[in-house]
> 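Pasting in a structure now, in structure tokens, and then I'll have a few things to ask.
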Amino acid sequence: MMAMMLVASAAAFAGDSPALKEILKQKSYADAEALIQSSLSQLANDAEKAKAYNKLVDLAYDAFMAQNTIVTENQVNKQMGKEEKPVDEKLMAEMAYNALVAAQECDKYDQMPNEKGKIAPKFAEKNAQRLWVGPRNQLVNSGQEALQAKDNALARKYWQMFTLSDAFPFFKDCDREQQKPFFGQVARFAAIFAYQDKDMEMSNKLADIAMKDPEEYENALNLKMEIMGDGLTTKEDSVNYINKLQELYVEHKTNGIMEKLYNMLTATGEKAAAEKLLDDALAVDPNNFVALADKGMGLLNENPAEASKFLKRAFEIKSDNAVLATYLATSISMQAQNLEDGPQKKELYKEAITYFDRAKELDPERLQANWGYNRYNAYYNYYGEDAPETKQAEADYKY
């Protein structure tokens, strides 16, 4: 009986497997990584795999810290007028990245139940303590340096890892206060680079993360809509995009989504649905600028008198909008064109000129609002062809 107990005890406390021992002997990250890739299946269990990947974390972190120490020493040397040592910035960034990649793999196996069915992670706390600040923040700085060097692929690599690593389970208890001012922005830029690379799934995921930051919410949401609408070529594509926008609008109820949805419904001939969308928004908020402006512009050709009512209400809210002033002036001019000569016709042209002049004042170079010809036409009809005011309006138009 005693002999059997000794055998059982020896089995329970068997040492590391030969494959793990070989991995733990390695002195460089590259050698240890290559050995893990070639011998992972030879490791005895999840505990050994966790230990192997933690060796990678150790090697990457030590390499990172070696360069980080030089940076710190150089700061002192600079103050004392001493010669500064060279820093391998590329190695420092790569090892910060590798440490996080290896730590994620380590944690995956470290969280597996042991032979007794219990989850007792050995490396999570230590890796959280040493990786949360130094290596993660290095990825932010290295991403910025890559961006300045016009290396968007490298900037994406570092900023994407910084963003995604926030959700690593072993970081769950870390203090996020320090990263609040820039976390959402980094996530959004990573999403933009992923979108440029046509990695729609990752871009969408990163945009969702960025949207959690109130400062980045609107820009990230606009990016998400652009991602969803990328590559529309068929009617079916447009219908699917409309369905996605409708789902998004139910969740977020922003004017940006509403306007995009309105434009898509209009473009696909869903006029009634488009009008209902705006009417519903105005029922909730009669002063919704976007709904008023879109409603007015949508009615411009069909009913300029009705269009001007909505455009006037919108202009009262944003009287510094040159495009809106131009549309409002045009809607009034169109009403005048439909009348016979008389005082009412002249009065409408006079009113239109007021808004055209406002558009010119706001956007004299016509960079956003093309008020030129329609303004001249209003002057022509109000003052007459040879009036100096009309000649000046013509000069303004042809300028």
> Taking atom CD of E218 as the centre, does the number of heavy atoms from other residues, nucleotides or ligands within less than 6.0 Å exceed 12?
no
> List the residues meeting side chain to side chain contact (heavy atoms under 4.5 Å, CB included) with N45, not counting sequence neighbours, and say none if there are none.
A47, E48
> Using a strict 4.0 Å threshold on nitrogen-to-oxygen distance, state whether D110 and K49 make a salt bridge.
no
> Among residues at least two apart in sequence or on other chains, which ones pass side chain to side chain contact (heavy atoms under 4.5 Å, CB included) with Q368?
V323, D363
> In terms of side-chain geometry, is the basic nitrogen of K198 or D230 positioned less than 4.0 Å from the acidic oxygen of its partner?
yes
> Which pairs pass ring-ring contact (aromatic ring centres under 6.0 Å, His included) with one or both residues in residues 299-355, sequence neighbours excluded?
F315-Y355
> Salt bridge check, K312 against E316: does any charged N sit closer than 4.0 Å to a carboxylate O?
no
> For residues 20-28, dump all side-chain donor-acceptor pairs below 3.5 Å to protein atoms at least two apart in sequence or in another chain.
residue : atom : partner : partner atom : Å
Q26     : NE2  : E22     : O            : 2.9
S28     : OG   : D31     : N            : 3.1
S28     : OG   : D31     : OD2          : 3.0

> Sequence neighbours excluded, which residues qualify as side chain to side chain contact (heavy atoms under 4.5 Å, CB included) partners of Q67?
I70, V87, D88, L91, M92
> Looking at residues at least two apart in the chain, or sitting in another chain, which of them share a ring pair (Phe, Tyr, Trp, His ring centres under 6.0 Å) with F183?
F162
> For L362, which fellow cluster members are found when Ile, Leu, Val, Met, Phe, Trp and Tyr are connected by side-chain heavy-atom distances below 4.5 angstrom, either directly or through intermediates?
none
> What ring-ring contact (aromatic ring centres under 6.0 Å, His included) pairs are there with at least one residue in residues 116-153, not counting sequence neighbours?
W132-F171
> Please list, chain by chain and in numerical order, all residues satisfying side chain to side chain contact (heavy atoms under 4.5 Å, CB included) with A34, sequence neighbours excluded.
none
> Could you check whether K51 pairs with D16 (Lys NZ or Arg NE/NH1/NH2 to Asp/Glu carboxylate O, under 4.0 Å)?
yes
> Could you work out the complete set of other residues in the hydrophobic cluster of F356, with links drawn between I, L, V, M, F, W and Y side chains under 4.5 Å apart?
W371
> Keeping to residues at least two apart or across chains, list the ring-ring contact (aromatic ring centres under 6.0 Å, His included) pairs with something in residues 252-275.
Y217-H252
> Which pairs count as ring-ring contact (aromatic ring centres under 6.0 Å, His included) when at least one residue sits in residues 21-51, sequence neighbours excluded?
none
